Amino acid sequence: MKTHYFYTDLAMNNPLDNLKKYDIVLASGSPRRRELLAALDVEFAVEVKQGIDESYPAGMPPDEVPLYLSAQKARAYMADATERQLVITADTVVIAGGSIMGKPHSAAEARAMLRSLSGGRHHVVTGVTLLHGGHTTTFGASSTVEFAPLSDGEIDYYVDRYRPLDKAGAYGIQEWIGCAAIRCIEGSFYNVMGLPVQRLYEELKKL
């Protein structure tokens, strides 16, 4: 396990100065979540545990799955977390046709996913859990995304150039496809990236 530290220049009277009593840990390897948390001007470390069970009960409603998994990830940190630590875990899923669309295992699967999203609407749900002082708080955010129809050539271009194999639903909204194919979003843009930072900000102010 390797820990990376990220620092920002903290402004005087930062609205999140209440967090100075915590050692904040982002429990995610996602570079997009690191970028989004850093945008809140907080100081944090990244710590990623391997081998966390990410299964969920059969029959669980798809929109409840990311909340369940973020809480499950937080439990993996509970035994080692100190009283000063605030651990942030998250899980994001793409839901299309009532089913969860995970990360593609190959370029061919990524193309198939994008063909299924083309010209339709789907939902992106993120669950976030805050672990501090042996207690957890879990919340979620949902966004609806509408794709314009995509040609096979457009799908091939995106998959070949951007290789979205590490992204749920085989796309990253902050990349070319977000500019070229996404007609509209209902809900948080940043939630689609992987972290609903405005909702997270509101929860962090309460601590």
Side-chain angles (χ1 to χ4, degrees), residues 26-37 48-77 87-131 136-147 150 155 158-159 162-175 177-178 181-200 203:
L26 175 63
S28 173
S30 165
R32 292 161 294 278
R33 291 193 183 120
R34 293 199 296 265
E35 175 187 348
L36 292 173
L37 184 57
V48 181
K49 286 184 179 289
Q50 304 298 323
I52 296 176
D53 180 14
E54 296 192 28
S55 61
Y56 51 87
M60 175 174 282
D63 59 348
E64 294 180 12
V65 168
L67 283 78
Y68 175 88
L69 291 179
S70 73
Q72 188 152 293
K73 291 175 182 179
R75 284 192 289 271
Y77 288 79
V87 181
I88 302 172
T89 63
D91 191 85
T92 301
V93 301
V94 171
I95 303 171
S99 299
I100 291 176
M101 187 177 288
K103 297 175 183 177
H105 296 97
S106 65
E109 188 175 357
R111 291 185 176 91
M113 287 183 177
L114 291 171
R115 281 194 293 271
S116 71
L117 296 178
S118 172
R121 292 162 66 90
H122 63 274
H123 305 287
V124 180
V125 183
T126 300
V128 180
T129 297
L130 307 179
L131 165 64
T136 60
T137 301
T138 299
F139 56 91
S142 178
S143 304
T144 300
V145 181
E146 181 179 338
F147 263 52
L150 291 167
I155 291 172
Y158 176 67
V159 172
Y162 289 90
R163 304 296 296 176
L165 303 187
D166 64 333
K167 299 175 177 66
Y171 78 93
I173 193 171
Q174 72 280 7
E175 296 174 339
I177 200 165
I182 292 179
R183 282 178 167 166
C184 65
I185 303 168
E186 297 172 8
S188 167
F189 173 91
Y190 296 117
N191 177 54
V192 184
M193 282 183 67
L195 193 66
V197 281
Q198 195 281 327
R199 176 64 191 281
L200 175 60
E203 295 295 331

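Please read all numbers here as calculations on a predicted model, not as lab measurements.
Shown here are the side-chain hydrogen bond (donor to acceptor under 3.5 Å, both in side chains) partners of Ser142, two or more places apart in sequence or in another chain: there are none. Not counting sequence neighbours, the partners of Asp166 by the salt bridge (charged side-chain N to carboxylate O under 4.0 Å, His left out) test are Arg32. For Gln198, the side-chain hydrogen bond (donor to acceptor under 3.5 Å, both in side chains) test picks out Glu202, with sequence neighbours left out. The side-chain hydrogen bond (donor to acceptor under 3.5 Å, both in side chains) search around Tyr68 returns Gln72, not counting sequence neighbours. A search for side-chain hydrogen bond (donor to acceptor under 3.5 Å, both in side chains) contacts involving Thr136 returns nothing, not counting sequence neighbours. For Phe147, the ring pair (Phe, Tyr, Trp, His ring centres under 6.0 Å) criterion is met by His122, Tyr171, not counting sequence neighbours. Residues satisfying the side-chain contact (heavy atoms from CB on, under 4.5 Å) test with Glu203, not counting sequence neighbours, are Leu130, Thr137, Phe139, Arg199, Lys206. Here Phe189 pairs with nothing under the ring pair (Phe, Tyr, Trp, His ring centres under 6.0 Å) rule; sequence neighbours left out.
One finds the CD1 atom of Ile173 at 8.0 Å from the OG atom of Ser143 (value rounded to the nearest 0.5 Å). One distance of note links OG of Ser70 with CZ of Arg75; it measures 9.0 Å at 0.5 Å rounding. Remark: Lys167 NZ to Ile177 CD1 distance equals 11.0 Å, nearest 0.5 Å.
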Side chains of residues 181-188: which donor-acceptor pairs under 3.5 Å do they make with residues two or more places apart or in other chains?
{"residue": "Glu186", "atom": "OE1", "partner": "Arg121", "partner atom": "NH2", "Å": "3.4"}
{"residue": "Glu186", "atom": "OE2", "partner": "Arg121", "partner atom": "NH2", "Å": "2.9"}
{"residue": "Ser188", "atom": "OG", "partner": "Tyr190", "partner atom": "N", "Å": "3.2"}
{"residue": "Ser188", "atom": "OG", "partner": "Asn191", "partner atom": "N", "Å": "3.0"}

Determine all donor-acceptor pairs shorter than 3.5 Å in which one atom belongs to a side chain in residues 93-104; sequence neighbours excluded.
none

Ignoring hydrogens and angles, write down the donor-acceptor pairs under 3.5 Å from the side chains of residues 105-115, residues two or more places apart or on other chains.
{"residue": "His105", "atom": "ND1", "partner": "Glu109", "partner atom": "OE1", "Å": "3.2"}
{"residue": "Ser106", "atom": "OG", "partner": "Glu109", "partner atom": "N", "Å": "3.1"}
{"residue": "Glu109", "atom": "OE1", "partner": "His105", "partner atom": "N", "Å": "2.9"}
{"residue": "Arg111", "atom": "NE", "partner": "Asp156", "partner atom": "OD1", "Å": "2.8"}
{"residue": "Arg111", "atom": "NH2", "partner": "Asp160", "partner atom": "OD1", "Å": "2.5"}

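Residue pairs meeting the salt bridge (charged side-chain N to carboxylate O under 4.0 Å, His left out) criterion with at least one partner in residues 53-70, sequence neighbours excluded, do not occur; the list is empty.
Remark: side-chain polar atoms of Tyr77 are paired, donor with acceptor, to backbone N or O of Lys49 under 3.5 angstrom.
Closest approach of Pro66 to Pro62, counting heavy atoms only: CD-O, 3.4 Å.
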